[in-house]
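A short write-up of the structure that comes next.
No hydrogens, no waters, no symmetry mates; every other heavy atom, side chains included, goes into these values. Because the structure is predicted, anything quoted here is derived from the model rather than measured.
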Amino acid sequence: MTRLATTRPKPKKTAKHTPAGQFQLLWEKIEKQKTRLAGQEKRVRKIVDRFNAEILPLEWEHARGQYQLVERLLTFLSRKSLTRWQRDELCDWIHDELGVLSSNPFADPELDRTGLLVRFESLIKQHYPQPDTPPLTESEREKIRSDLYQELGLELDDEDIDLFMHSPADFLQQMVAKMQEGDEDWLEEDEEEEADDIFGPDETDGQAAGKALIHRLYKQLAKRLHPDLEQDKTQKTVKHGQMQQLLAARQENDIHTLLELHRQHFDSAALEQLGQQELDGINELLRRQLRELERQYDDVFIDQSLESAIWNRFRHLGSTSSDRKFAEHARELKADIRHNNKLLKQLTTLKDVQQLLREDRALGY
């Protein structure tokens with residue numbers, strides 16, 4: 001039997017190369033990584049909260065002004081008195097504005113950006129009719145299918161590809177709707193896969209023993225902490241919180257927390273004597289948890305979420321402080337807002353638009 005302690009080990013108590021020594025080392029590393037991750041989450045939350053308070057209102061104001069400007073310009077696009085070059089320049093202008101507006105992840109969600117794109121696409125087809133194109137060859141179709149899968153992670157059938165070729169705006173709407181419908185199903189499937197097998201497909205005897213031990217500890221804790229078994233109202237509230245912590249630890253495969261909870265609520269001696277296979281399995285679980293914690297820490301720098309985008313844009317880096325980044329971005333947004341407001345006041349008639357297009361052409365824009 002091997003002695004196992006879940007408290008900080010004393011010097012020279014166990015050799016690092018022994019299973020018990022490995023347990024102690026992993027335990028310390030996980031504690032440090034959790035502390036590191038908690039610190040990072042706190043810093044990210046601080047940056048995101050500041051962004052939401054100081055920058056997001058400006059982002060929304062900027063996007064609304066840009067949306068109104070595109071709406072205004074679209075009303076002039078079909079005017080017959082526009083010359084060919086003026087209509088071409090106006091189309092390019094609207095296209096550029098729509099590109100920025102459509103790709104802005106912080107725009108006001110109430111803005112119907114897809115609808116604006118559909119209107120523009122309809123006008124383009126009206127004034128720039130495209131000749132009938134020959135049907136796609138099989139190799140062309142497969143190339144488009146492969147490119148869209150690599151870029152967007154979308155698996156498309158032939159009807160999807162035809163829609164993409166003939167109406168990108170409708171294709172975008174359809175794909176967004178499909179992804180929204182499938183989000184919950186994909187999430188449930190992922191959670192079921194994670195819950196089915198903590199260790200993966202190749203489970204050793206030691207891992208099986210460790211898994212059985214964790215399941216046994218979880219059942220003991222669930223019985224001890226279940227709030228329905230508590231009569232005292234104050235303790236019932238306390239146990240409700242503890243039970244939520246236990247359930248979260250189980251769902252997230254947080255072996256470190258499960259062991260720590262068991263140590264707190266039971267005689268710690270119950271964990272001090274473990275068989276070799278059980279200890280090997282526990283150590284393997286802890287190694288996997290440590291790798292997962294390290295991955296979570298790194299993900300904030302490469303994740304595609306809005307919070308990660310905000311963190312990477314405004315966090316302190318090198319000699320540039322967060323304060324300076326926030327101030328510079330706010331200044332740029334305010335300048336763009338003033339510019340859009342100026343254009344909205346200036347461009348009220350077709351003559352105003354034509355005059356601005358002539359001025360831009362004379363300056364070589």
Side-chain angles (χ1 to χ4, degrees), residues 29-64 66-67 98-111 113-114 147-155 172 175-191 193-194 248-249 251-254 256-257 288-334 336-337:
K29 286 184 176 181
I30 287 176
E31 285 184 331
K32 291 179 181 179
Q33 187 61 26
K34 281 189 172 183
T35 300
R36 186 178 181 223
L37 188 59
Q40 183 194 61
E41 290 173 350
K42 185 177 180 180
R43 293 190 295 272
V44 171
R45 188 73 263 156
K46 183 178 179 181
I47 290 290
V48 171
D49 288 345
R50 183 177 179 183
F51 175 88
N52 289 336
E54 298 180 15
I55 302 298
L56 190 58
L58 293 174
E59 291 279 6
W60 283 22
E61 185 180 355
H62 173 251
R64 285 193 293 265
Q66 197 168 31
Y67 186 93
L98 270 175
V100 174
L101 182 61
S102 300
S103 62
N104 182 359
F106 307 116
D108 184 347
E110 296 298 321
L111 297 177
R113 292 180 287 178
T114 302
D147 290 344
L148 288 174
Y149 179 79
Q150 291 180 6
E151 292 293 328
L152 304 175
L154 300 175
E155 295 183 359
L172 177 61
M175 290 301 104
V176 169
K178 282 186 177 181
M179 287 188 288
Q180 289 175 341
E181 290 174 0
D183 276 348
E184 292 184 2
D185 294 338
W186 296 337
L187 180 59
E188 290 174 0
E189 291 174 3
D190 290 343
E191 289 176 348
E193 290 176 1
E194 291 176 1
Q251 185 176 9
E252 297 168 9
N253 295 329
D254 187 350
H256 179 271
T257 295
R288 291 184 179 224
Q289 183 176 355
L290 179 60
R291 289 197 295 269
E292 175 63 19
L293 291 171
E294 292 170 342
R295 183 193 65 78
Q296 290 177 20
Y297 186 89
D298 293 337
D299 274 357
V300 75
F301 299 104
I302 59 176
D303 191 23
Q304 299 301 311
S305 68
L306 291 182
E307 286 196 349
S308 292
I310 294 168
W311 167 251
N312 287 317
R313 172 68 176 81
F314 294 101
R315 68 188 176 96
H316 178 86
L317 189 63
S319 60
T320 307
S321 68
S322 293
D323 289 341
R324 180 178 173 183
K325 291 182 177 182
F326 273 101
E328 289 177 350
H329 193 63
R331 188 161 51 247
E332 292 169 0
L333 284 173
K334 290 176 181 178
D336 288 342
I337 291 169

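Using a 4.5 Å heavy-atom cutoff, the side chains of His256 and Leu293 are not in contact. In this structure, Arg295 and Asp298 have side chains that are not in contact, with every pair of non-hydrogen atoms separated by 4.5 Å or more. A 4.5 Å side-chain heavy-atom check between Glu110 and Tyr67 finds every atom pair outside the cut-off. The side-chain heavy atoms of Lys34 and Asp254, taken from C-beta on, include a pair separated by under 4.5 Å. Counting heavy atoms from C-beta on, the side chains of Trp60 and Phe106 never come closer than 4.5 Å.
The two residues Arg113 and Leu101 come nearest to each other via the heavy atoms NH1-O, 2.8 Å. Residues Ser322 and His316 come closest through the heavy atom pair OG-N, 3.0 Å. Of all non-hydrogen atoms in Phe326 and Glu54, the two that sit nearest each other are CD2-OE1, 4.2 Å.
Checked by atom type and distance alone, the side chain of Ser308 pairs as donor or acceptor with a backbone atom of Val300 at under 3.5 Å. Of the possible polar contacts, none joining the Arg64 side chain to the Asp108 backbone as a donor-acceptor pair under 3.5 Å is found. Side chain of Ser103 to main chain of Val100: a donor-acceptor pair is present (N/O by atom type, distance under 3.5 Å, no hydrogens or angles).
Rounded to the nearest 0.5 Å, atoms CD (Glu294) and CZ (Arg36) are 8.0 Å apart. Rounding to the nearest 0.5 Å gives a distance of 11.5 Å between CG of Asn52 and CD1 of Ile47. Note that NZ of Lys32 is 16.0 Å distant from CG of Leu37, once rounded to the nearest 0.5 Å. If you take NE2 on His62 and CG on Asp336, they are separated by 4.0 Å, rounding to the nearest 0.5 Å. The structure places CD of Glu332 at 9.5 Å from CD1 of Ile55, a figure rounded to the nearest 0.5 Å. In this structure, CD1 in Ile310 is found 4.5 Å from CZ in Phe51, a value given to the nearest 0.5 Å.
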Does the pair Trp311 and Val48 meet the rule for a side-chain contact (heavy atoms from CB on, under 4.5 Å), with working shown? CA-CA 7 Å; Trp311 167 251; Val48 171; 5.7 Å; no
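The existence of a salt bridge linking Lys325 and Glu328 is excluded, since no basic side-chain nitrogen approaches an acidic carboxylate oxygen closer than 4.0 Å. Here Lys334 does not pair with Glu61 in a salt bridge; the nearest charged N to carboxylate O distance is not below 4.0 Å.
A side-chain contact (heavy atoms from CB on, under 4.5 Å) with Tyr297 is found for one member of Glu292, Gln40, Glu41 and no other, namely Gln40.
Between the side chains of His329 and Glu59, at least one donor N or O lies within less than 3.5 Å of an accepting N or O.
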